[in-house]
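Start at 1 and go down the list; that is how both ligands and their atoms are numbered.
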Amino acid sequence: MAEHVVGIDLGTTNTCVAIVEQGVPKVIPNKGGYRTTPSMVALSESGRRLVGHLAKRQVLTNPQNTIYAAKRLIGRKWNSTAGRTVAQTCPYTIAEGPHGDIRLKIRDQVYSVPEISAFILQEMKMIAEAHLGVPVEKAVVTVPAYFNDNQRQATKDAGRIAGLEVIRIINEPTAAALAYGFGKNLERKVAVYDLGGGTFDVSILAIGHGVFEVISTAGDTFLGGENFDLRVMQYLIETFEEDTGVNLREDRMAMQRLKDAAEKARCDLSSAREAIVDLPFLHTSPSGKVFHLQEPLTQQQLEGLTEDLIEQTIKICERTLASAGVDRKQLDDVVLVGGMTRMPLVQRRVAEFFAIEPCKGVNPDEVVALGAAIQAAALVDEQHDLLLLDVTPHSLGIMIVGGYFHRLIEQNTTIPTRAGHVFTTVRDNQTSVKILVLQGESEKAAENELLGEFILSGLRKAPRGQVEVEVTFSISVDGIVSVAAKDLETGREQCITVTATSGLTEDELKELVKQSQAYMIELRASEELERRRQQCEKLIDSIRELLPQVQEAMSGTRFGRDAIAKAEAVVRRAEGELARADARALGDTLESLDRTVSMFRNVAHKRSEAAQR
Ligand code: ADP
Ligand code: MG
């Protein structure tokens, strides 16, 4: 039997899991029958972990302990613009981690961002396992094309914590193109425009007979529906302040309700000209005065509030077309991906800019997961005829004298790729060299994203300039960077120490993998207990129901009285075990209960037969 490798679109807002079955890519619905699952994690008052719809359903009453849009923070540093913006606007608590990374606080627990993503991935794993009836251990996971190395590494770590081997990371727009062109034998140049809850990506691809070649990609990993929500919230907060003098920014509960209402109004305005934001009892002042918010919002107003955000995406489209060297007129199709592309102004602007009506044939919520599943199937089936050529979204380089950035690999280079650089010692008897590896497009190193500090050590003592070490920088098919060094004189591999600049250390990861395995065992045990409890209760009910008939038929004999006494004893034992929540004992008792019910049914049946005769 073929291995079950799933494709997962781990979105800022929604996560979707898919698989290829008999050559057909399919979305796997969750237990509630929904095809996507909210990317939300919460802890209930009793400390129970809630993921997906369970977390979303309680967010309005428990905003401090519900994490949403964690993807906006993954692989980011504490003192980044994104970190600060989220810290100011989200109702949950953000703190600095031990490696300058970001940690999230829910009740008395502190989590790293990859852990939160891992909880979501683990949920997807369980959804897939429930559907397939077999364990799922491998996955292809998608990331925004514009994610840098730190964000990709952190996503891979999340998979590992969740007990999933991430066999490939692919870019979301590329995955979408794969699902769009799958099995169609197309020959086309297309643009994929993906605007989701937290990120924007655009990729230009050439598709031809099973080859999907990305020519260029660009994006903004901090631009999506969340930014649109903030604009609407700001408007509502300001209008409310003008009308009532009340500042809602410090009222966490009110802010969460506002966000929810802002998003809902925004979505409604995709199909209606006007919506009303109605939030009764939104705020109570210290003196006990109650305030309600009721504010109409038109499509035109919404467009006015957010037009510039859409223009930002159009600028990025222009940029990526230029670096692809592709003229708009050469494009055959534009594929829209992401929930935000349902906004009429987004559709209008994209159609206007590319001068083509965007393709209507794909489902913007599912196409990325389907593409990931197609790639997963292709990776396990050696006979597939699918070739994916993706590019690195950012230039890779090192810091050189004067704080400048020296490029080694240009952005939009096809991956996998590698580049070498020879380092020489600059002091006599120098035994180590420190290398700062960065990603970005600025000439100044400090303005680019620091991926890691590498220390090349154990160099031969010699006059300066005599020791030469060649360092090779590689970018894998996952878009992940690695570094290797070789002593040019001896040909020996040199040891390199990597310092994490964000994310988790190997030791922390190992510990989290262990914790997560323990959690799964506990979760399975509690599910098993629940299953046994329900079975037990059903059997006890049946016994109680049948008891009067059995008593009537059997209490005349000693054998009968014994059997009834035994049955009553089994029920008492089961009730004790239920009260103690003793799963193991319940397992044994279930069998006795089952035997008793079967015997009782038999007696009851015989009795009714006798009565009919
Ligand atoms: P992600 O991939 O980041 O998880 P999605 O593709 O699921 O995101 O898109 C989620 C975003 O799309 C949210 O910001 C949501 O408000 C927005 N959205 C969903 N439906 C609509 C709609 N009908 N009109 C406008 N925006 C929508
Ligand atoms: Mg998405």
Asker: Among all the protein's non-hydrogen atoms, which is closest to atom 26 (N) of ligand 1, and how far away is it?
Answerer: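 Protein heavy atom with the smallest distance to atom 26 (N) of ligand 1: Arg266 NH1, 3.4 Å.
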Asker: Please state which protein non-hydrogen atom is closest to atom 6 (O) of ligand 1 and give its distance, to 0.1 Å?
Answerer: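 Nearest neighbour among protein heavy atoms for atom 6 (O) of ligand 1, to 0.1 Å: Gly339 N, 2.8 Å.
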Asker: Looking at Arg160 and Glu165, is there a salt bridge between them, counting it only when a charged N and a carboxylate O are closer than 4.0 Å?
Answerer: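 Salt bridge: no.
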Asker: Among protein heavy atoms, which sits nearest to atom 10 (C) of ligand 1, and what does the distance come to when rounded to 0.1 Å?
Answerer: Thr13 OG1, 3.5 Å
Asker: Rounded to the nearest 0.5 Å, how far does CD1 of Ile204 lie from CG of Leu331?
Answerer: 5.5 Å
Asker: Only heavy atoms of Gly198, strictly under 4.0 Å: list the atoms of ligand 1 that pass.
Answerer: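 Per the distance check, 3 (O).
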Asker: Asp229 to ligand 1: N or O pair under 3.5 Å?
Answerer: no
Asker: Step through the shown structure and confirm whether more than 12 heavy atoms of other residues, nucleotides or ligands are within 6.0 Å of CZ on Arg48.
Answerer: no
Asker: Only pairs under 3.5 Å count here: list side-chain donor-acceptor contacts from residues 31-38, not counting sequence neighbours, and write none if there are none.
Answerer:
residue, atom, partner, partner atom, Å
Arg35, NE, Glu366, OE2, 2.7
Arg35, NH2, Glu366, OE1, 3.3
Thr37, OG1, Asn30, ND2, 3.1

Asker: Which is it for Glu263 and ligand 1 at heavy atoms under 4.0 Å: side chain, backbone, both or neither?
Answerer: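 The part of Glu263 near ligand 1 is the side chain, not the backbone.
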Asker: Going by distance alone, is a donor N or O of one side chain under 3.5 Å from an acceptor N or O of the other, for Thr239 and Glu242?
Answerer: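 There is no such pair (donor and acceptor under 3.5 Å, judged by atom type) between the side chains of Thr239 and Glu242.
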Asker: What is the nearest protein non-hydrogen atom to atom 2 (O) of ligand 1, stated with its residue, atom name and distance?
Answerer: Gly11 CA, 4.0 Å
Asker: Give me the nearest non-hydrogen protein atom to atom 7 (O) of ligand 1 as residue plus atom name, then the distance to 0.1 Å.
Answerer: Asn14 ND2, 3.0 Å
Asker: Rounded at 0.5 Å granularity, tell me how far OG in Ser476 sits from CD1 in Ile169.
Answerer: 8.5 Å
Asker: About how many Å separate CG of Leu258 and CZ of Phe240, when rounded to the nearest 0.5 Å?
Answerer: 8.5 Å
Asker: Check whether any heavy atom of Gly224 sits under 4.0 Å from an atom of ligand 1.
Answerer: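 Outside the 4.0 Å threshold, so no.
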Asker: For the CZ atom of Phe212 and the CG atom of Leu386, what is their distance to the nearest 0.5 Å?
Answerer: 6.0 Å
Asker: When you check the gap from the basic side-chain N to the acidic O, do Arg348 and Glu303 get nearer than 4.0 Å?
Answerer: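 Salt bridge flag = yes for Glu303 with Arg348.
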Asker: In ligand 1, which numbered atoms sit nearer than 4.0 Å to a non-hydrogen atom of Thr12?
Answerer: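 Going through ligand 1 atom by atom, the ones under 4.0 Å from Thr12 are 1 (P), 3 (O), 4 (O).
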Asker: Considering both backbone and side-chain atoms of Ser270, is one of its nitrogen or oxygen atoms within less than 3.5 Å of a nitrogen or oxygen in ligand 1?
Answerer: yes
Asker: Can an N or O of Asp9 be found at a distance shorter than 3.5 Å from an N or O of ligand 1?
Answerer: no
Asker: Should you measure from each heavy atom of Gly338, which atoms of ligand 1 turn up under 4.0 Å away?
Answerer: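 Answer, ordered by atom number: 6 (O).
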Asker: Quick one: nearest non-hydrogen protein atom to atom 8 (O) of ligand 1, plus distance?
Answerer: Gly197 N, 3.0 Å
Asker: Met340 to ligand 1: N or O pair under 3.5 Å?
Answerer: yes
Asker: With a 6.0 Å cut-off (strictly less than), is the heavy-atom count around NZ of Lys184, excluding the residue itself, greater than 12?
Answerer: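 Yes.
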Asker: Geometry only, no angles: is Pro364 polar-contacting ligand 1 at N/O separations under 3.5 Å?
Answerer: no
Asker: Should the pair Lys315 and Phe353 be classed as cation-pi, given the thresholds of under 6.0 Å to the six-membered ring centre and 45° from the axis?
Answerer: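 So Lys315 doesn't make the cation-pi contact.
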Asker: Among protein heavy atoms, which sits nearest to atom 20 (N) of ligand 1, and what does the distance come to when rounded to 0.1 Å?
Answerer: Arg342 NH1, 3.6 Å
